[in-house]
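The figures here come from the full heavy-atom set of this structure, side chains too, leaving out hydrogens, waters and symmetry mates. In this text, all values refer to a predicted model and were calculated from it rather than measured experimentally.
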Amino acid sequence: MGMWEVVTLKDSDQRIGIEHHFKIFAGPGAGKTRFLINHIKNVIGQSKRLSKTRKIACITYTNIAVDTIIQRLEDFAEKVEVSTIHSFLYKHIVKPYLFLIKDEFGIPIENIDGHDEIIPSSGLINAWIEETNQKYLRAKDITTKKISEALCDICWQFNAEGQLQLVLRHPYKGNMGKVSIKYASFETYKKLCWERGLLHHDDVLFFSWILLIKNPRIQDIIRAKFPYLFIDEFQDTNPIQTSIIEILANKETIVGVIGDKAQSIYSFQGADVKQFVDFVLPNMTIYTLENNHRSTQEIIDVLNFIREKDLKQSSPDNKRGTKPKVILGSPIEAHKKALEMVGQPVCTLSYTNIGSNEMKSGLMTASGVDLFDHLLYEDSNSKRARQIYTIIKAIEHCRHNHIKDAITLITKVCNSTNEITKEKAALILLKKLVNHYQSFKNKSLTEFYNNDIDGLLVKKNKISSGKIKDFYDGVSYEEVALWVKINEDNSLHRTIHKAKGDEFNNVMILIRGTPSEFNEKKELDFLLSSDIEDESHRVYYVALSRAKKNLFLNIPTIKSEDIKVKLEKMGFEII
């Protein structure tokens with residue numbers, strides 16, 4: 001097969017050859033997960049290159065998607081390793097082989113146990129300022145929060161020579177007014193993190209790439225273990241991941257990638273849609289899956305309107321339904337109206353984390369201030385602030401059934417020095433807090449911290465006076481908990497990013513604002529002037545395409561008659 005041969009698949013059940021690299025362009029609802037499951041089963045049935053120790057690697061973007069694929073593979077799952085890219089690389093490259101480069105990078109490998117997002121504490125920031133001689137960053141007008149945001153923005157990127165270096169994803173974040181953070185200090189920050197056992201997800205990519213380049217024997221071992229490597233949601237990959245895939249595809253391992261450029265919505269994590277569009281391997285065949293099996297034709301018509309320049313879908317079995325609807329008013333009232341209309345659960349999707357949390361709790365925020373961030377950076381007693389931050393985060397993760405994450409968090413502050421009993425103590429205390437949730441959720445943070453977590457902490461500094469007490473007195477536990485970000489959310493009220501790869505019978509997309517401040521032309525730009533090159537438009541495209549039967553948009557108001565007419569022409573009914 002030629003490198004540029006393009007084949008349109010009639011449906012996701014059509015079989016393709018198992019011993020050539022492939023790339024599949026598949027729009028929403030085209031059945032890419034179904035295709036992937038069928039192809040994996042076909043490989044297992046036909047291939048002579050699999051055994052107990054030689055499996056298929058299947059990489060997808062979220063843990064929710066991992067669980068979905070494992071469930072759909074049924075009895076075939078034992079021959080497949082399904083995971084996220086970071087988990088796969090950590091398990092098979094970083095964890096077993098990091099010792100080979102520990103001296104070169106000064107990594108105390110005994111301290112490293114897993115990988116995570118890292119929000120630097122005041123102590124870590126101060127140690128880094130001291131170590132890198134940047135004492136000017138302690139100026140009164142430079143907040144700890146601003147420095148933290150810059151350090152959280154550090155990432156690994158290829159330079160012109162093809163080597164990985166530390167840069168700011170958004171260079172402006174290094175500007176601290178009259179002074180700037182030294183780029184040369186980023187490496188010291190990373191080393192201070194590693195010394196404390198803190199490994200960022202991005203570091204997993206860096207060390208995997210370094211280990212593969214410096215030790216070709218590791219390449220051979222991974223290829224031998226995984227003669228087939230399939231990657232779903234490839235439009236969300238970044239250049240380091242692409243380079244790693246290309247290395248493994250050099251010989252023996254067959255690589256297949258599936259994606260859709262219009263569903264690339266993770267540039268804030270380093271994803272680059274060009275990685276999918278430009279990705280090519282020798283003798284690769286390119287396939288397309290075009291139909292939309294998920295949605296009614298009325299919903300597909302809206303999707304086609306947004307994407308008229310590059311993709312036109314239809315419902316192969318001519319699914320028909322009601323017109324998509326725009327419901328004016330507050331999100332909570334609009335959701336009630338949608339529930340009345342369909343008589344079934346309605347999933348709400350928000351652009352922001354706070355939007356989805358407000359819908360979960362039914363509590364709307366009084367201001368746009370991130371209270372979780374505020375307590376972390378405004379309390380001069382940074383240890384106390386981090387204790388409160390960690391406990392609230394643990395409780396909320398537990399309430400969303402992320403028990404493992406909750407225990408990991410609570411053990412960081414738990415009143416036990418014995419590692420064996422610490423996890424058990426953490427579980428007991430977590431259970432106690434969650435069982436008594438109703439008794440403290442409306443209390444102020446001062447009451448919650450001073451009175452409701454007795455015996456939990458190794459050392460507790462009561463909130464007794466000062467400016468920070470006014471803040472703690474003035475906000476409830478529940479108001480602060482609204483700002484917690486849940487790692488993996490499978491509730492009916494999610495951010496659009498966390499609904500990626502999922503589908504629902506009934507979807508309501510929340511377009512936020514207040515009637516007095518709502519700029520309808522700007523906020524509805526993704527419909528009125530659709531441009532799939534604009535990532536914010538792609539985010540809403542992903543949201544719209546999650547709906548199977550009923551699609552709702554909620555906006556505060558529409559004042560312009562022209563906009564009403566345009567929405568009606570697109571197929572919306574305005575309520």
T348 and H493 side chains, donor-acceptor separation under 3.5 Å: yes
Determine, stepwise, if the pair E78 / K55 fulfils salt bridge (charged side-chain N to carboxylate O under 4.0 Å, His left out). CA-CA 9 Å; E78 63 183 30; K55 294 186 172 186; over 6 Å; no
For a ring pair (Phe, Tyr, Trp, His ring centres under 6.0 Å) check, start with the C-alpha distance between H497 and F268, then their side-chain angles and the critical distance, and finish with the verdict. CA-CA 11 Å; H497 288 85; F268 64 92; 5.3 Å; yes
How long is the span from the CG atom in L553 to the CG atom in L527, to the nearest 0.5 Å? 6.0 Å
So, K548 and E503, do they make that salt bridge, N to O below 4.0 Å? yes
Reported OG-to-CG distance for the pair S83 and L89, which is rounded to 0.5 angstrom: 8.0 Å
Please check if the distance between the ring centroids of H39 and F35 is under 6.0 Å. yes
Does H201 have its ring centroid less than 6.0 Å away from the ring centroid of F206? no
Flag, side chain of S295 to backbone of I299, donor-acceptor distance under 3.5 Å: no
Any donor-acceptor pair under 3.5 Å linking the side chain of N292 with the backbone of P28? yes
When rounded to the nearest 0.5 angstrom, what is the spacing between CD1 in I37 and NZ in K32? 11.0 Å
For a side-chain contact (heavy atoms from CB on, under 4.5 Å) check, start with the C-alpha distance between D236 and E233, then their side-chain angles and the critical distance, and finish with the verdict. CA-CA 6 Å; D236 293 319; E233 307 284 5; 4.1 Å; yes
So for atom NZ, which belongs to K173, do other residues, nucleotides or ligands contribute more than 12 heavy atoms lying within a distance under 6.0 Å? yes
Are F88 and F226 near enough that their ring centres are under 6.0 Å apart? yes
List the steps and the verdict of side chain to side chain donor-acceptor pair (under 3.5 Å) for H397 and D405. CA-CA 7 Å; H397 272 77; D405 290 335; 4.7 Å; no
Does the structure place the NZ or CZ of K23 under 6.0 Å from the centre of the six-membered ring of F276, at an angle of no more than 45° from the ring's axis? yes
Cationic N near anionic O, under 4.0 Å, K191 to E195: no
R54/E252 salt bridge by N-O under 4.0 Å criterion: yes
Once you round to the nearest 0.5 Å, how far does CD of E19 lie from NZ of K48? 10.0 Å
How about K312: does its NZ atom have over 12 heavy atoms from other parts shown lying under 6.0 Å from it? no
Are F234 and F279, when compared by the centres of their aromatic rings, separated by less than 6.0 Å? yes
Close side-chain approach of K79 to K52, heavy-atom, < 4.5 Å: no
Would you say S47's side chain and R49's backbone share a donor-acceptor pair under 3.5 angstrom? yes
Side chains of N550 and N505: is there a donor and an acceptor less than 3.5 Å apart? no
Please tabulate, for side-chain N and O atoms in residues 301-308, each donor-acceptor pair with protein atoms closer than 3.5 Å (sequence neighbours left out).
residue : atom : partner : partner atom : Å
D301    : OD1  : Q297    : NE2          : 3.0
N304    : OD1  : Q313    : N            : 2.9
N304    : ND2  : Q313    : O            : 2.8
R307    : NE   : D310    : OD1          : 3.0
R307    : NE   : D310    : OD2          : 3.2
R307    : NH1  : D260    : OD1          : 3.1
R307    : NH1  : D260    : OD2          : 3.0
R307    : NH1  : Y541    : OH           : 3.2
R307    : NH2  : D260    : OD1          : 2.6
R307    : NH2  : D310    : OD2          : 3.2

Taking the six-membered ring for Trp and the full ring for Phe, Tyr or His, determine whether the centres of Y97 and F207 are under 6.0 Å apart. no
Under 3.5 Å side-chain donor-acceptor pair for Q275 and T237: no
Assess whether atom CG of N159 is packed by more than 12 heavy atoms of other residues, nucleotides or ligands within 6.0 Å. yes
Between R538 and A262, is there a donor-acceptor pair closer than 3.5 Å when you use the side chain of the first and the backbone of the second? no
Side chain to side chain contact (heavy atoms under 4.5 Å, CB included) partners for T253, two or more places apart: R223, L229, V255
Have D531 and H537 got a donor and an acceptor in their side chains that come within less than 3.5 Å? no
To the nearest 0.5 angstrom, please state how far the CD1 atom of I154 sits from the CD1 atom of I118. 10.0 Å
Would you call the rings of Y228 and F230 parallel, tilted or perpendicular if under 30° counts as parallel and over 60° as perpendicular? tilted
Quick one: does any side-chain atom of N291 pair with a main-chain N or O of P316 as donor and acceptor, under 3.5 Å? no
Is a donor on one side and an acceptor on the other found under 3.5 Å between the side chain of K498 and the backbone of I486? yes
Crowded around K41 NZ? As in, over 12 foreign heavy atoms under 6.0 Å? yes
Gap between atom SG of C347 and atom CE of M508 - 0.5 Å precision: 11.0 Å
Take Y540 and I496, measure what side-chain contact (heavy atoms from CB on, under 4.5 Å) needs, and give me the verdict at the end. CA-CA 8 Å; Y540 281 119; I496 298 167; 4.0 Å; yes
So, do F158 and W209 have ring centers that fall under 6.0 Å from each other? yes
Do any N or O atoms from the side chain of N357 and from the backbone of V484 form a donor-acceptor pair under 3.5 angstrom? yes
Would you check, one step at a time, whether the test salt bridge (charged side-chain N to carboxylate O under 4.0 Å, His left out) holds for K549 with E298? CA-CA 9 Å; K549 293 181 180 177; E298 286 77 5; over 6 Å; no
So, N63 versus T84: side-chain donor-acceptor pair below 3.5 Å or not? no
Counting neighbours of CD on Q71 that are heavy atoms of other residues, nucleotides or ligands and sit closer than 6.0 Å, is the number greater than 12? no
Just by distance, do the side chain of T411 and the backbone of I407 share a donor-acceptor pair under 3.5 Å? yes
Nearest heavy atoms of L205 and I244, plus distance in Å: O-CD1, 3.9 Å
Side chain of H115, backbone of L199: donor and acceptor closer than 3.5 Å? no
Classify the side-chain pair S356/T495 by whether it contains a donor and acceptor separated by less than 3.5 Å. no
Hey, is NZ on K485 packed in by over 12 heavy atoms from elsewhere, all under 6.0 Å? no
Should the heavy atoms of other residues, nucleotides or ligands under 6.0 Å from CG of D113 be counted, would the total exceed 12? no
Contact summary for G27 and L311, nearest pair of heavy atoms: CA-CD2, 4.0 Å
Count the heavy atoms of every other residue, nucleotide or ligand shown that sit under 6.0 Å from NZ of K95, and state whether that count exceeds 12. no
Carboxylate-amine/guanidinium proximity below 4.0 Å for K91 and E81: yes
With no hydrogens and no angle check, is any side-chain donor or acceptor of N111 less than 3.5 Å from a backbone partner on R196? no
Between N238, D202, D203, which is the residue that forms a side chain to side chain donor-acceptor pair (under 3.5 Å) with W156? D203
